[in-house]
Chemist: 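Below you will find the structure I want to go over with you.
Only a predicted model underlies this, so the values are computations on that prediction, with no experimental measurement involved. We count residues from 1, following the sequence as given.
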Amino acid sequence: MAPIPGSGLAKGLAVTLRTMTRKSVTAQYPDTQPELPPRSRGVIGLFEENCTVCMLCARECPDWCIYIDSHKETVPPAAPGGRERSRNVLDRFAIDFSLCMYCGICIEVCPFDALFWSPEFEYAETDIRDLTHERDKLREWMWTVPAPPALDAGAEEPKEVAAARKTADKLAAAQAAGTEQAAGTEQAGGPGQPGTPRQSGTPGQSGTPGQEGRA
């Protein structure tokens, strides 16, 4: 069936008329901040205490916009006779956001949870060279990272929490068993315990076997 001439124009005018009757809503930014979703990809925050300088994020970055410098330090042995160990110390961690394409690969591959998404987006600069932010700025953005959402009520307990709970239950059971054993020993009157009847066995005392009737 051929379209009726002018039907497209009528539909367009109908949309225009419906829109004209609605009140326009304009967010007065920056006086009114937008409500961003909790998983917004604004910038990347660095929790450097968790960073082990494994370089995995820098190697996996498709844009090569992560710059990391470090040095090695010798750690003395924890116990006498132990071996000295070496560890990497972070000197520089910078991200060039003029190259970053916000793919999130660096956050996904980090094995120690040192990188997080922050919803912060107000970091525009007049010079593109100022978009390379060092670790002090990345650490400031870390405090704007929202808390992770709560687990579903029917979800399984995380493996780390389950393992820690199992270990704590074993320790509590062992302590309870030790307390019960100590209490049973006290009730039975173990060696050297007060109130335990003991025979001295000294010759010449009454009640000692073989000593009756001796002067």
Side-chain angles (χ1 to χ4, degrees), residues 33-34 36-152 155-175:
Q33 293 291 327
L36 299 176
R39 299 182 64 183
S40 298
R41 296 190 176 189
V43 290
I44 299 173
L46 171 66
F47 192 60
E48 60 181 85
E49 284 80 2
N50 289 354
C51 182
T52 61
V53 201
C54 64
M55 305 292 292
L56 192 58
C57 57
R59 290 198 301 266
E60 296 295 332
C61 178
D63 293 331
W64 293 86
C65 63
I66 301 177
Y67 312 112
I68 301 176
D69 294 331
S70 65
H71 70 277
K72 289 185 177 293
E73 284 186 358
T74 302
V75 180
R83 296 175 53 188
E84 293 184 347
R85 300 181 181 273
S86 62
R87 66 184 181 94
N88 293 323
V89 179
L90 184 65
D91 292 329
R92 185 194 183 201
F93 195 108
I95 300 179
D96 187 355
F97 285 98
S98 66
L99 298 176
C100 179
M101 64 181 185
Y102 305 92
C103 62
I105 292 178
C106 58
I107 298 175
E108 296 295 331
V109 301
C110 180
F112 301 104
D113 291 335
L115 298 174
F116 297 86
W117 279 119
S118 167
E120 181 67 37
F121 62 92
E122 298 175 324
Y123 57 96
E125 301 288 348
T126 56
D127 191 344
I128 193 174
R129 292 172 295 183
D130 295 334
L131 285 174
T132 301
H133 295 290
E134 301 292 334
R135 65 177 184 174
D136 55 346
K137 187 65 176 178
L138 300 179
R139 185 179 179 82
E140 291 180 8
W141 284 329
M142 182 63 206
W143 313 127
T144 63
V145 175
L151 296 178
D152 187 81
E156 294 183 359
E157 193 175 36
K159 295 181 179 179
E160 297 82 358
V161 178
R165 191 185 304 279
K166 187 176 181 180
T167 304
D169 292 342
K170 286 183 178 180
L171 292 175
Q175 291 178 357

Chemist: State, to 0.1 Å, how close L90 and I68 come at their nearest heavy-atom pair, and which atoms those are.
Modeler: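 Heavy atoms only, the tightest pair is CD1-CG2, 3.9 Å.
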Chemist: Can you check whether L46 reaches R139 side chain to side chain, under 4.5 Å on heavy atoms?
Modeler: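 SC-SC contact between L46 and R139 ruled out.
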Chemist: Less than 3.5 Å apart, which donor and acceptor atoms pair up between the side chains of residues 163-170 and the rest of the protein, not counting sequence neighbours?
Modeler:
from	atom 1	to	atom 2	distance (Å)
R165	NE	E157	OE2	2.9
R165	NH2	E157	OE2	2.6
T167	OG1	A163	O	3.0

Chemist: I'd like to check the salt bridge (charged side-chain N to carboxylate O under 4.0 Å, His left out) partners of R39; sequence neighbours left out, ordered by chain and number.
Modeler: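 R39: no salt bridge (charged side-chain N to carboxylate O under 4.0 Å, His left out) contacts found.
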Chemist: For the atom pair SG (C51) and CZ (F112), what is the distance rounded to the nearest 0.5 Å?
Modeler: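 With rounding to 0.5 Å, SG (C51) is 9.5 Å from CZ (F112).
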Chemist: Please verify the inter-ring angle class for H133 with W141; under 30° counts as parallel, over 60° as perpendicular, anything in between as tilted.
Modeler: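 Perpendicular, since the angle between the ring planes exceeds 60°.
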Chemist: Once rounded to the nearest 0.5 Å, what's the spacing between atom CG of D63 and atom OH of Y102?
Modeler: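 The distance works out to 10.5 Å.
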Chemist: Considering non-hydrogen atoms only, spot the tightest contact between T144 and P119 and give its length.
Modeler: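 Nearest pair, atom of T144 first, then P119: O-CD, 3.4 Å.
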Chemist: State whether the side chain of R59 and the backbone N or O of C54 hold a donor-acceptor pair below 3.5 Å, judged by distance alone.
Modeler: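 Between the backbone of C54 and the side chain of R59 there is a qualifying donor-acceptor contact (under 3.5 Å).
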Chemist: Heavy atoms, side chains only, cut-off 4.5 Å: are I95 and F97 in contact?
Modeler: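 In short, these two side chains touch, coming nearer than 4.5 Å.
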Chemist: Distance check, rounded to the nearest 0.5 Å: R135 atom CZ versus M142 atom CE?
Modeler: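 Going from CZ on R135 over to CE on M142, the span is 15.5 Å.
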Chemist: Could you tell me if the side chain of V75 sits less than 4.5 Å from the side chain of E84, heavy atoms only?
Modeler: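 Sidechains of V75 and E84: no contact.
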Chemist: Rounded at 0.5 Å granularity, tell me how far CG in L131 sits from OH in Y123.
Modeler: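 Between atom CG of L131 and atom OH of Y123 there are 7.5 Å.
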Chemist: Check whether any side-chain heavy atom of R83 sits under 4.5 Å from a side-chain heavy atom of P77, and report yes or no.
Modeler: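 SC-SC contact between R83 and P77 ruled out.
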Chemist: Restricting to non-hydrogen atoms, name the atom on I44 and the atom on L138 that form the minimum distance, rounded to 0.1 Å.
Modeler: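 Result for this residue pair: O-CD2, 3.4 Å.
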Chemist: Which atoms form the tightest heavy-atom contact between S70 and D91, and what is the distance?
Modeler: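 Closest approach of S70 to D91: C-OD2, 3.4 Å.
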Chemist: Any carboxylate oxygen within less than 4.0 angstrom of a Lys/Arg side-chain nitrogen, looking at E134 and K137?
Modeler: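 A salt bridge is absent here (no side-chain N lies under 4.0 Å from a carboxylate O).
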Chemist: For K159 and V161, what are the C-alpha separation, side-chain angles and deciding distance, and is it a side chain to side chain contact (heavy atoms under 4.5 Å, CB included)?
Modeler: CA-CA 5 Å; K159 295 181 179 179; V161 178; over 6 Å; no
Chemist: I need the F116 CZ to N50 CG distance, nearest 0.5 Å.
Modeler: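 One gets 6.5 Å once the value is rounded to the nearest 0.5 Å.
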Chemist: If you take all heavy atoms of C110 and D113, which pair is closest and at what distance?
Modeler: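 In this case the closest contact between C110 and D113 is SG-N, 3.6 Å.
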Chemist: Side-chain contact test, heavy atoms from C-beta onward, threshold under 4.5 Å: evaluate it for F47 versus V145 and give yes or no.
Modeler: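 The answer is no, as the side chains (C-beta and beyond) never meet within the 4.5 Å cut-off.
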Chemist: Is it true that atom CD1 of I128 has more than 12 heavy atoms of other residues, nucleotides or ligands lying nearer than 6.0 Å?
Modeler: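 Count not over threshold, so no.
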Chemist: Output the distance between atom CZ (F93) and atom SG (C57), rounded to the nearest 0.5 Å.
Modeler: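 Rounded to the nearest 0.5 Å, the CZ-SG separation comes to 4.0 Å.
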Chemist: Is it true that atom CD of E122 has more than 12 heavy atoms of other residues, nucleotides or ligands lying nearer than 6.0 Å?
Modeler: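 Atom CD in E122 is crowded, with more than 12 foreign heavy atoms closer than 6.0 Å.
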